[in-house]
Amino acid sequence: MTRRLVSAAVAGALTAVFAGSVAAQTADPKGYMPGVAGCSTTNCAYWLSATGTPDNNVVRSGVYNGSKGLAGNLCWRTGYWTPSMAIAQCEPDLVAQAPAPAPTPAPPAAAPAPAPAPAPAPAPAPAPAVQKITLASKALFDFDKSDLKPEGRAAIDSEIITKLAGVQKLELVLVTGHTDRIGTQAYNQRLSERRANTVRDYLVSKGVAKDKIETLGMGKTQPVPGVVCNQKNMKELIACLAPNRRVEVEVKGEGRR
């Protein structure tokens, strides 16, 4: 059910960006509503806010256009997430709920006349599926650049546009830009935002509705787990850090039946 560009320099304050007062949300029908989720910092498989409280430290997207708009509150899984690491605020359908206590039996009464069997309830509609596609910046951009290369446009066409063609009811496309650790956080924040915006603009040029796309820049705050680079030679270091220079696109919607 879950997965969904604001500043990664304020990645720890994403909750405050998406939150805001209840009164403000009511007055602004196009505002964002908050999502709240907490996860242990020692054993968590979701992206965490650096400044969140223990019961609200999981980075989540908002709900666009209030309760009448797009369904949101998506948590972002890490690359090592497994179903056993799910938490109820992000994956309620994967976390077993405790059974309700049995009601106190009522005293026996005379059996009423049997009522006709009710018609079976219709099957619930399937929940919108979320697909996450990671595009390597090497294919999209030159190092330290945000202009799409021809092979980058081709990668988006084959990896994203073709998948969108199979979505019957598109709810959200979340585009997140990331950089490596080379350079200052402020510089990398702007670079990650520019890259995400470039991918968004290309998707719009291919017919994707702009109001269905959210962009997010994370700068260098979310390196890929397991990528360890200690090279002294700058060229070798840049090559080693390549997996961190990426753009992630998450598509939420109902597939064609």
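Computed from a predicted model, the values in this text were never measured in an experiment.
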In short, disulfide (SG to SG under 2.5 Å) pairs touching residues 204-254 with sequence neighbours left out are C229-C240

Reported [atom1]-to-[atom2] distance for the pair [X] and [Y], which is rounded to 0.5 angstrom:
X    : Y    : atom1 : atom2 : value
Q189 : M218 : CD    : CE    : 8.0 Å
K252 : E171 : NZ    : CD    : 5.0 Å
L164 : L170 : CG    : CG    : 6.0 Å
L203 : I160 : CG    : CD1   : 7.0 Å
T221 : H178 : OG1   : NE2   : 7.5 Å
L241 : T179 : CG    : OG1   : 9.5 Å

Side-chain heavy atoms of R194 within contact of L191, under 4.5 Å = yes

Are N244 and K220 close enough that some pair of their side-chain heavy atoms sits under 4.5 Å apart?
-> no

Give a yes or no on whether [X] and [Y] share a hydrophobic cluster (residues Ile, Leu, Val, Met, Phe, Trp, Tyr; joining criterion: side-chain heavy atoms under 4.5 Å apart).
X    : Y    : result
V199 : V204 : yes
V175 : V167 : yes
V247 : I161 : yes

Do any pairs count as a salt bridge (charged side-chain N to carboxylate O under 4.0 Å, His left out) and have a residue in residues 173-184, sequence neighbours left out, and if so which ones?
-> D180-R245

Pairs meeting criterion salt bridge (charged side-chain N to carboxylate O under 4.0 Å, His left out) with involvement of residues 196-208, two or more places apart = D157-K206

Those residues that, when tested against T198, pass side-chain contact (heavy atoms from CB on, under 4.5 Å) (two or more places apart) | F141, S146, L148

Restricting to side chain to side chain donor-acceptor pair (under 3.5 Å), what partner residues turn up for [X], sequence neighbours left out?
X    : value
R190 : none
S205 : none
S158 : none
T162 : none

Applying side-chain hydrogen bond (donor to acceptor under 3.5 Å, both in side chains), which residue pairs with at least one partner in residues 226-238 are found, sequence neighbours left out?
-> none

Scanning both residues in full, the closest heavy-atom pair of Y80 with M85 reads O-SD, 3.8 Å

Determine the minimum heavy-atom distance between S192 and G219, stating which atoms define it.
-> OG-N, 3.0 Å

Can you check side chain to side chain contact (heavy atoms under 4.5 Å, CB included) on V224 and R246, steps first, answer last?
-> CA-CA 10 Å; V224 175; R246 66 199 189 278; 3.6 Å; yes

Is the backbone of K145 close enough, under 3.5 Å, to the side chain of R195 for a donor and an acceptor to pair up by distance?
-> yes

